Amino acid sequence: MRLSKFFGQTLREAPSESDSASSQMLVRAGYVRQLAAGLYSYLPLAHRSLRKIEQILREEMDAISGQEMCMPVVHPAEIWQESGRWYEIGDEMGRFQDRKGRELVLAMTHEEVVTTLCKSEIRSYRQLPQMVYHMQTKFRDEPRARGGLIRVREFVMKDSYTLDKDFDGLQSQYEAHYDAYHRIGARLGLNLVAVQSDPGMMGGKIAHEFMYVTPIGEDSLAICEETGYASNLDVASFRKIPEPSDPPQPLTRVHTPGQATIAKVADFCGVTTRQTGKMVFYMGDFGAENPPKLIAACVRGDMEINELQLRYAVNAQALRPAETEEIAAAGCISGYASLRDIDHTKAVTVVDDLIPESGNLVVGANEHDWHFTGANYGRDFIANIVAPIALAYDGAPDPIDGKPLRVVRGVEVGNIFQLGTRYSASMGATYTDESGVEHPIVMGSYGIGVGRALACVAEEYSDDYGMDLPISVAPYHVFLVSLGRSGKVKEKAEALYSALLAAGVEVIYDDRDVSPGVKFADADLLGMPLRCTVSSRSLSRGGAEFGRRRSKDLAIIPLRDAVEQIQEEIIRCFDKLHQLLEHLPTWESQPK
RNA sequence: CGGGGCGUAGCUCAGCCCGGUAGAGCGCUGCGUUUGGGACGCAGAAGUCGUCGGUUCAAAUCCGGCCGCCCCGACCA
């Protein structure tokens with residue numbers, strides 16, 4: 001590729017709409033252009049990188065017996081109605097009608113289509129197990145696209161689907177994906193951390209997310225390097241250690257004027273926040289046929305509510321913070337609320353499982369400017385439900401060995417779900433076993449966002465000058481630049497370019513008639529890992545300069561050996577990257 | 001969906017308070033000089049000031065509606 005013919009241009013300044021390093025660099029380097037919120041065009045450089053990422057995905061999926069196929073982006077509504085997700089999913093699903101008024105859906109994912117195919121293709125246990133995959137566009141009308149390429153509305157995902165006759169089969173294909181995803185991360189130059197995750201609307205019980213840890217991530221993770229525990233914060237558990245307390249003391253009403261926050265009241269009463277109980281109120285949505293109900297949750301004062309776990313504990317479909325009037329309707333006073341005086345029929349009352357183990361708490365007295373001291377669960381207040389509803393926090397003891405958890409941010413590059421029979425049962429995809437009995441097929445689904453992976457790689461490998469992409473992802477391996485307009489330099493550079501092309505080296509050649517500063521700046525920006533410079537200076541020293549991007553110590557390589565030496569260096573780059581494959585985490589090595 | 005910000009040349013932005021000729025830098029075009037880290041001179045092209053309406057003799061500027069984009073939150077198979 002000649003840079004003089006390149007479709008697109010580099011930008012000295014990033015457009016104001018992009019924020020993260022990855023987005024800014026990809027825009028400045030002419031890889032991508034935004035068309036609208038969450039919709040991007042991928043220019044030739046990005047497209048080459050995306051194809052390379054896809055090829056890595058393809059190789060790793062094929063290696064675990066995947067069969068590549070392709071399913072449509074537009075689906076009839078009926079299959080989504082059959083699975084039930086037509087009704088469960090809201091505005092994030094793109095819906096439209098064809099000319100006859102038939103309801104159509106833009107694919108958010110492809111479980112429904114795979115399951116439909118199972119109905120026509122899979123009849124017997126003899127046809128199982130199976131693993132199919134494709135790389136196909138998804139559309140999700142996110143309420144808010146953000147972070148440049150990290151969260152977009154239209155994107156290509158590699159999604160694979162496993163079909164098994166039982167859960168043992170599923171488990172084995174799940175583990176194969178678990179290991180394959182680590183290999184994919186390594187080949188992309190990304191350290192992906194597998195964390196336990198919430199299966200959510202995918203159904204099923206076991207799920208992992210593969211996270212690229214970065215401050216710009218949207219998800220919070222709780223991880224412990226020492227024990228290997230790693231979980232999405234949503235589902236993270238931790239050891240709960242009760243605060244030592246004296247034998248139960250009498251419940252005492254205390255005047256606490258103006259002490260409406262936990263910190264203030266703890267300070268006022270001379271106790272730590274660990275010796276207080278904190279009330280948080282939500283309105284729970286229990287489905288269309290049930291009225292919304294107040295949820296009164298209590299955690300220890302130093303902790304926060306894990307809303308997902310609370311939602312599961314009360315079996316609600318959704319939660320939102322309650323208004324002051326809604327709290328008052330159950331007989332509680334905001335800021336001084338207590339489970340002692342609440343009407344347990346008007347609210348679902350929940351305490352974290354640490355509360356019954358905590359003695360002599362300071363809690364609200366349900367009256368302005370009054371609290372109780374010496375409150376003890378069971379004697380002074382109770383709840384409908386006792387469940388682990390406290391959110392893990394930085395420094396919390398991990399559940400395996402009590403070592404401190406670290407809470408970090410991450411971007412979800414991939415995920416794996418054990419679906420079980422969630423789709424096959426509702427849609428009637430069955431096989432016949434050895435004894436002639438029909439069973440629903442046991443399914444798994446496994447996704448990796450291709451564009452998101454590129455964004456993460458760009459984020460990881462950016463510096464002040466541009467990107468320094470791994471050899472496996474860079475659109476070209478070598479950036480060849482000629483300096484000066486002397487006929488000899490141009491001639492030699494052209495000859496080297498032709499020789500590299502003839503040898504099959506992926507090279508981008510800056511043949512433009514611009515100043516050296518511009519060429520070097522663009523070379524730095526564009527992200528090719530290797531650079532080769534031909535100039536009168538290099539020629540007088542015996543050939544071309546060659547080395548890593550922005551490297552200070554550049555070797556002079558004679559032009560007659562240049563192609564060979566460049567090829568060898570490319571191989572060394574790949575070898576170095578592939579060394580990462582040697583010590584990857586595996587399913588076997590993760591803590592159980 | 002709640003809160004905040006922004007919309008002026010291809011890009012980054014000034015001008016808006018205080019209404020009256022639409023600006024700068026970068027980029028682009030031409031000519032000349034220059035060529036190892038975003039060169040310089042001269043000449044030039046380029047904008048329905050997001051959009052619709054209102055106020056006014058007069059609106060980029062004041063007022064209102066709408067649209068779009070960004071950020072925080074809610075949401076996120």
Side-chain angles (χ1 to χ4, degrees), chain A residues 8-20 23-24 27-28 30 33-39 80 83-86 88-94 105-112 138-148 150-153 155 157 159 197-204 207 209 216 218-219 232 234 282 285 307-308 311 317-321 323 411-412 415-417 419 422-423 445-447 449 465-466 481-486 489-490 510 512-525 531 533-541 545 550 552 554:
Chain A
Q9 60 175 340
T10 58
L11 305 175
R12 186 178 289 208
E13 292 167 288
S16 52
E17 67 253 26
S18 50
D19 44 358
S20 60
S23 312
Q24 291 216 357
V27 171
R28 282 191 53 206
R33 292 288 180 253
Q34 187 177 32
L35 180 63
L39 302 175
W80 288 79
S83 75
R85 289 206 285 187
W86 173 263
E88 293 167 15
I89 297 172
D91 290 339
E92 62 268 32
M93 181 186 280
V105 166
L106 289 174
M108 303 179 70
T109 172
H110 284 80
E111 280 78 14
E112 279 78 2
K138 312 282 185 274
F139 180 79
R140 297 178 189 177
D141 196 355
E142 301 282 356
R144 183 182 157 208
R146 81 181 101 186
I150 299 291
R151 165 165 294 224
V152 294
R153 294 193 293 172
F155 56 97
M157 177 184 271
D159 40 329
S197 68
D198 174 38
M201 282 184 76
M202 295 297 290
E209 291 164 338
I216 67 160
E218 305 187 88
D219 287 284
N232 195 303
D234 281 348
Y282 295 90
D285 175 358
E307 294 187 11
L308 184 72
R311 181 155 72 78
Q317 289 182 4
L319 301 181
R320 64 164 172 82
E323 308 285 344
V411 174
E412 181 186 350
N415 52 36
I416 58 179
F417 293 99
L419 300 176
R422 154 84 178 80
Y423 296 90
S445 94
Y446 316 82
Y465 303 94
V481 52
S482 67
L483 295 187
R485 279 183 304 198
S486 104
V489 168
K490 263 200 125 65
D510 191 350
R512 296 173 300 172
D513 186 16
V514 295
S515 72
V518 171
K519 291 192 171 191
F520 286 132
D522 277 344
D524 292 342
L525 181 59
R531 180 190 303 171
T533 307
V534 178
S535 65
S536 46
R537 186 195 287 182
S538 79
L539 290 177
S540 71
R541 290 184 189 169
E545 279 172 11
R550 288 191 63 74
K552 289 280 191 307
L554 295 162

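Source: prediction; values computed, not measured. In what follows, chains carry the letters A, B, and so on, assigned in the order in which the sequence lines appear, proteins first and then strands, with residues in each chain numbered from 1.
Between the CD atom of E13(A) and the P atom of C13(B) there is a distance of 7 Å, given to the nearest Å. In this structure, L525(A) places its CG atom 14 Å from C1' of C11(B), rounding to the nearest Å. For the pair D91(A) CG and C75(B) P, the computed distance is 15 Å after rounding to whole Å. The distance between atom CZ of R537(A) and atom P of U35(B), rounded to the nearest whole Å, is 13 Å.
C17(B) and C6(B): their P atoms are spaced 15 Å apart (whole Å). Nucleotides U8(B) and C69(B) place their P atoms 14 Å apart, quoted to the nearest Å. Here the separation of U48(B) from A9(B), taken at their P atoms, is 9 Å to the nearest Å. C66(B) and C1(B): their P atoms are spaced 12 Å apart (whole Å).
Expressed to the nearest 0.5 Å, how far CE of M108(A) lies from CG of D141(A) amounts to 9.0 Å. Interatomic distance, NZ of K490(A) versus CG of L483(A), reported as 10.5 Å (0.5 Å rounding).
Within the nucleic acid shown, R153(A) has no heavy atom closer than 4.0 Å to any nucleic acid atom. The residue A36(A) sits close only to the backbone: its heavy atoms come under 4.0 Å of sugar-phosphate atoms, none of a base. Within 4.0 Å (heavy atoms only), E545(A) reaches at least one base atom of the nucleic acid. At the heavy-atom level, R531(A) lies under 4.0 Å from base atoms of the strands shown. Note on F155(A): a base of the nucleic acid sits closer than 4.0 angstrom, heavy atoms only. The residue R33(A) sits apart from the nucleic acid: no heavy atom pair falls under 4.0 Å. When heavy atoms are screened at a 4.0 angstrom cut-off, S538(A) is found touching base atoms of the nucleic acid.
Base pairing of C42(B) is made with G30(B), judged by Watson-Crick or G-U wobble geometry with both donor-acceptor distances under 3.5 Å. Nucleotide U35(B) is matched to nothing when pairs are restricted to Watson-Crick or G-U wobble geometry with both distances under 3.5 angstrom.
Judged by atom type and distance alone, R144(A) does not reach the base of G2(B) through any side-chain donor-acceptor pair under 3.5 Å. Counting atom types as modelled, R485(A) pairs a side-chain N or O with a base atom of U34(B) as donor and acceptor under 3.5 Å.
Comparing C75(B), A39(B), G10(B) by their closest approach to the side chain of P143(A) singles out C75(B). Which of G38(B), A74(B), G10(B) sits closest to the side chain of R12(A) comes down to G38(B). Comparing atom distances between the D522(A) side chain and each of U35(B), G38(B), A74(B) picks out G38(B) as nearest.
Remark: D234(A) engages N232(A), L308(A) in a side-chain contact (heavy atoms from CB on, under 4.5 Å) (not counting sequence neighbours). With sequence neighbours excluded, no residue forms a ring-ring contact (aromatic ring centres under 6.0 Å, His included) with Y282(A).
Inter-residue side-chain proximity for L554(A) and T533(A) is flagged as unmet; no heavy-atom pair is nearer than 4.5 Å.
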